Amino acid sequence: MSNKPFCWTPPRSQKAAQSVRWSDWLRRSEHLAGGIQRRLQCEATEVEVIRESWQSLDDEALDAQLTRLRIALRLERQGIDRLRRLRIEALAAVSVAAQRTLERLPYRAQVLAALAMHEGMVVQMAPGEGKTLAVAMVAVLRGWRGLPCHIITSNDYLAQRDVELMRPMFERCGVRAAAAVHGLSPEQLRAAYETDIVYATSKQLLADHLFDQIALGGAMHSGRRRIRELKPDGKNVRSRGLHTAIVDEADSVLIDEANTPLIISAPESNKLLIQAVLAARDLVEQLLPQRDYRVDPQFRDITFTDEGHERIEEMVHSLPAIWQAPQRRDDLIRQALSARDLFLRDRHYIVRDGEIQILDEHTGRVMPGRSWSYGLHQAIEAREGVKITSPSKTLARMGFQEFFCQYHHLSGASGTLQGVRSEMWQTYGLLTFVVPPRLPSQLQVVSPQHFADSHSKWQAIVATVERLHRQRVPVLVGTRRLSDSEMLERLLAERGLACHVLNAKQHAREAEIVAAAGQLGRITVATNMAGRGTDILVASEVADTGGLHVLMVEPHDSIRVDWQLFGRAGRQGQNGHAQAFVALDDDLLGRYLPFWLAPVRGLLSRSQHWRGQLISILIGLAQRNAQRSAFQQRRLLQQREQQIRKQLAFSKDAAG
């Protein structure tokens with residue numbers, strides 16, 4: 001085998017990615033996968049050999065090696081073979097530094113993952129294999145180059161936790177790290193971005209990038225940027241630009257959470273809109289579904305019937321005159337109906353301190369400072385009877401896919417990349433590298449339990465939790481909605497069972513609740529475990545009870561998210577059990593199955609014959625439809641953002 005590494009540079013734009021034909025990519029990926037795996041295994045062996053010889057070095061000699069490698073890697077113009085050797089030596093030195101500062105010697109799986117991410121791949125690692133340390137090792141090598149290195153986490157808590165967790169290793173390796181999180185002042189954010197390694201969420205990074213665009217008047221080219229920064233208002237720039245991004249939980253950040261653009265807006269007083277929102281709230285109370293309008297829950301779309309249009313014509317006089325034009329009034333009433341029928345309290349938002357606070361549907365967390373656009377936020381405020389805020393005008397916007405494609409070097413890691421390899425390539429030009437697990441999985445996934453309706457399902461869930469609790473087995477119950485977690489808490493309390501609830505209302509105790517979920521007899525109810533980050537510490541005596549038991553009360557839109565929950569049990573070779581509970585009236589089946597399958601669901605609800613097998617087939621079909629719909633939504637969003645960008649560029653050129 002040739003010693004020369006695979007020198008492939010991934011395309012950083014949709015147009016470039018599409019320039020490689022799909023058939024060519026399949027042929028190339030099949031041909032290269034085995035070669036890349038063998039080469040990286042050989043390089044990992046070299047890292048381990050050098051690391052073993054350097055473990056006997058005293059601190060002064062190790063620091064000298066780290067300094068030598070930091071200076072060498074900062075020099076860009078070096079041959080491929082020389083760079084390969086430097087990378088291997090650097091990972092060996094950083095591994096020894098991690099052992100001495102963190103008391104953790106990186107496993108072979110972590111070394112393999114670091115090698116792959118350094119080459120610009122997205123890595124699939126088994127749950128509990130140590131993505132945090134692998135990502136930090138790559139960040140050290142990238143930080144040594146002196147160019148901005150961003151590590152993208154799922155939430156602010158993980159960003160702050162990982163910085164503090166890895167700080168001893170970073171300091172030993174001569175790099176500075178900080179967390180850029182919500183709530184910091186502009187001065188504090190600028191100080192954070194001055195460091196070599198920045199931990200932040202994708203929302204924070206994109207928001208700061210857009211703020212810089214506003215401050216620089218759109219001059220994002222490096223030369224124009226430096227000229228702008230010389231001006232007095234150029235001091236308002238927060239970040240140092242985009243170069244390297246390493247994404248933790250890559251499938252969640254790059255795929256699942258990339259469905260909506262980020263918009264920077266400013267409040268703009270509009271008393272007429274507030275009057276119209278209140279009038280529309282009262283008007284829609286006279287409209288009935290199916291008779292006057294139809295709802296498409298899959299796309300959150302509302303269409304009016306002919307009878308509905310006639311009824312609206314009769315009531316339009318209750319709206320302010322400027323809102324009586326057909327297009328404006330239809331949009332206004334559609335938002336009022338969406339606020340009533342589509343956006344649900346404790347599922348899409350919560351009311352806290354007299355304010356509407358949006359919930360992230362993927363993580364179950366509150367998104368402070370975020371609001372819906374086009375009057376929807378005001379419509380929901382009117383529906384909930386809280387103070388109506390002023391609508392906002394858009395100052396800057398960008399889709400997450402376009403944002404990530406602007407990085408020169410993009411890589412990441414996740415435990416669940418099944419089914420998204422093609423989209424990772426098509427959208428970001430990222431090859432997927434699967435790291436062999438260090439220990440074989442001991443997780444036992446029990447066959448799902450199927451029920452005709454939700455009432456029967458909840459009774460079975462409570463009975464199962466009670467049975468496991470009597471056996472002193474720790475139980476983690478995963479729900480999709482905040483309201484479900486609160487309902488389950490009440491049902492368990494009626495049986496005399498105390499549980500610990502983790503949702504958007506108890507986020508302050510997140511790390512404490514998750515870490516203790518593996519204790520004997522513990523019952524934990526959590527909303528959306530994706531991106532929680534904190535490991536569940538399973539007590540040693542729990543192994544005798546079969547390990548942690550995970551119960552999923554409802555399938556998610558993606559089987560990957562199901563496995564994110566299941567992967568909380570059976571980590572690092574430990575015992576664990578997982579089981580799903582499914583009812584025919586679950587949200588997934590109602591939203592994503594074709595209408596012509598409704599009679600099949602009705603038949604299954606009345607008969608148990610073949611119910612289990614057929615429901616499993618229906619779930620698989622619904623999840624495939626959900627993923628296809630989400631992919632189409634992301635593609636449409638990307639095309640729309642590109643169209644908006646062209647229109648804005650044309651307007652700017654014309655104005656100039």
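We use all heavy atoms of the structure for the numbers below, so side chains are in, but hydrogens, waters and symmetry mates are not. As the structure is a prediction and not an experimental result, all values here were calculated from the model. We're numbering straight along the sequence, starting at 1.
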* Asked: Taking only residues two or more places apart in sequence, or in another chain, which ones meet His549 in a side-chain contact (heavy atoms from CB on, under 4.5 Å)?
  ->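 For His549, the residues satisfying side-chain contact (heavy atoms from CB on, under 4.5 Å) (neighbours in sequence not counted) are Leu468, Val473, His577.
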* Min side-chain heavy-atom separation Leu262-Ser202 under 4.5 Å -> no
Would you give the length of the straight line joining atom [atom1] of [X] to atom [atom2] of [Y], rounded to the nearest 0.5 angstrom?
X: Phe451; Y: Gln459; atom1: CZ; atom2: CD; value: 9.5 Å
X: Thr389; Y: Ile274; atom1: OG1; atom2: CD1; value: 7.5 Å
X: Leu376; Y: Asp331; atom1: CG; atom2: CG; value: 12.0 Å
X: Leu287; Y: Glu307; atom1: CG; atom2: CD; value: 10.5 Å
X: Met315; Y: Ile312; atom1: CE; atom2: CD1; value: 6.5 Å
X: Leu491; Y: Glu466; atom1: CG; atom2: CD; value: 12.0 Å

Is it true that a side-chain atom of [X] and a backbone atom of [Y] form a donor plus acceptor pair closer than 3.5 Å?
X: Asp562; Y: Pro555; result: no
X: Arg281; Y: Ala382; result: yes
X: Arg560; Y: Gly419; result: no
X: Asp586; Y: Leu588; result: no
X: Gln579; Y: Ser447; result: yes
X: Asp353; Y: Glu355; result: no

* Criterion side chain to side chain donor-acceptor pair (under 3.5 Å) against Glu423, the qualifying member of Arg634, Arg635, Gln627 -> Arg634
* Quickly, which of Thr527, Asp557, Asp587 forms a side chain to side chain donor-acceptor pair (under 3.5 Å) with Arg480? Name it, please. => Asp557
* Asked: Partners of Phe631 by ring pair (Phe, Tyr, Trp, His ring centres under 6.0 Å), sequence neighbours excluded?
  ->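 With sequence neighbours excluded, Phe631 shows a ring pair (Phe, Tyr, Trp, His ring centres under 6.0 Å) to no residue whatsoever.
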* Asked: Under 30°, 30 to 60°, or over 60°: which ring-plane class applies to Tyr293 and Phe304, parallel, tilted or perpendicular?
  ->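 Plane angle over 60°, so perpendicular.
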* From the options Tyr407, Phe404, Phe403, select the one residue that forms a ring-ring contact (aromatic ring centres under 6.0 Å, His included) with His209. =>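 When Tyr407, Phe404, Phe403 are each tested with His209, the ring-ring contact (aromatic ring centres under 6.0 Å, His included) holds only for Phe403.
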